[in-house]
Amino acid sequence: TLRSADIDAPFLSQKYPPVKFLSEKDRKRILITGGAGFVGSHLTDKLMMDGHEVTVVDNFFTGRKRNVEHWIGHENFELINHDVVEPLYIEVDQIYHLASPASPPNYMYNPIKTLKTNTIGTLNMLGLAKRVGARLLLASTSEVYGDPEVHPQNEEYWGHVNPIGPRACYDEGKRVAETMCYAYMKQEGVEVRVARIFNTFGSRMHMNDGRVVSNFILQALQGEPLTVRVPSRLFILDLVNGLVLLMNSNISSPVNLGNPEEHTILEFARLIKSLVVSRSQIQFLPEAQDDPQRRRPDIRKAKMMLGWEPVVPLEEGLNKTIQYFSRELEHQANNQYI
Ligand code: NAD
Ligand code: UDP
């Protein structure tokens, strides 16, 4: 039977989630670095179900085996415990390079390691792409825009980043990673794709990383006060579709993938509170240092060139995420004495 942290009910009677048959010509060998994390594991699900061969490389710093365990043993799937800061020699057709801690507490935990992962790790994956002729998609971030002076941000904006602030290891690490992609493209002819991802939420996101959706859902489920900070989130399934569209497009310049819809944080808090049917109070807290005041994607490029835009209604995404969080809390409660 299927073992999984998060798989919808119809799969439960089968050993693996259903996988499409692809002819050898259409089947790709795909490497996902950071594939045991939040975004990577959902991308693994999509590419596996589409019928591709997927190799996940992860050092399990923030990722978990549990996120991909429902594929372990499948003939199209491989999980490698490896740190991208070390060279990697395998044969693949496409690389989704996602390995990097992504939330402030995680990337600030060891800033030097965050820098190494984003610089040396990206260099290694570009070296791999160059050797095997694979296309590489970099999971970049809206954080390359820093604390933006223009709203909304389109891809032409160069950003406003403090190079020595507490977030610099991540922001500047990703900026260098982008620079490396285009250096390998120009100098070595490597095909690159760069997705500038804006905050995304969904199942398997980290429960305790201090981000707005996870905080609110946890606080609402536990009847604690809902603290109030920043807006606008993209649902994970919309992101994964955007990443695959971008990978298979002919657009090599950076593309924003985000949700331009704006909600005040109060609306967000109220919506989560009502979906969870919680008695939590809503409370206001001071801003964290260097926290960008406002960030909103301009997604006209993705719309025009990829035909992509978020389609999952906020309530639906939130409901799925809330279900996941309550299952996780239950799981933790049941396992705390083991
Ligand atoms: P995550 O922490 O859930 O996943 C990152 C994965 O990378 C984890 O499985 C972790 O163990 C792995 N990893 C970290 N360092 C590694 C190393 N040196 N070698 C091998 N594996 C390593 O985070 P996520 O939210 O899934 O983010 C995935 C990617 O998307 C990241 O590159 C992140 O910067 C980018 N991104 C995410 C968001 C978002 O809202 N989630 C927004 C912008 C950008
Ligand atoms: N690399 C890798 N896997 C490969 C090919 C290269 O991990 O299949 C690493 C290699 O260790 C090197 C980096 O990628 O440090 C950059 O490779 P490139 O060929 O661009 O540089 P060079 O090896 O010439 O320094």
Working to the nearest 0.5 Å, report the span between [atom1] of [X] and [atom2] of [Y].
X    : Y    : atom1 : atom2 : result
N199 : R233 : CG    : CZ    : 4.0 Å
D147 : R167 : CG    : CZ    : 9.0 Å
S214 : M205 : OG    : CE    : 4.5 Å

[options] screened by side-chain hydrogen bond (donor to acceptor under 3.5 Å, both in side chains) with [X], the one that passes:
X    : options             : value
S140 : E178, K174, R196    : E178
S41  : R204, E69, R64, H70 : R204
S100 : N118, T117, T122    : N118

#### Entry: Check against side-chain contact (heavy atoms from CB on, under 4.5 Å), Y170 and T141
CA-CA 9 Å; Y170 183 68; T141 170; 3.8 Å; yes
### Query
Is any side-chain heavy atom of L243 less than 4.5 Å from a side-chain heavy atom of V39?
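Counting from C-beta outward, L243 and V39 do come under 4.5 Å.
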### Query
Are S142 and Q153 close enough that some pair of their side-chain heavy atoms sits under 4.5 Å apart?
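No - every pair of side-chain heavy atoms lies 4.5 Å or more apart.
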### Query
Can you name the closest pair of heavy atoms from S253 and K301 and give their distance?
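For S253 and K301, the tightest heavy-atom pair comes out as OG-NZ, 2.7 Å.
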### Query
What residues, two or more places apart in sequence or in another chain, satisfy side-chain hydrogen bond (donor to acceptor under 3.5 Å, both in side chains) together with S252?
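None.
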### Query
Among side-chain atoms of N256 and Y145, is any donor-acceptor pair under 3.5 angstrom?
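Short answer, yes.
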### Query
Are any side-chain N or O atoms of R175 and backbone N or O atoms of G159, one a donor and one an acceptor, separated by less than 3.5 Å?
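Flag not set: sc R175 to bb G159 has no pair under 3.5 Å.
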#### Entry: Under-4.0 Å salt bridge between R131 and E91
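Looking at E91 together with R131, the answer is yes, because their closest N to O distance falls below 4.0 Å.
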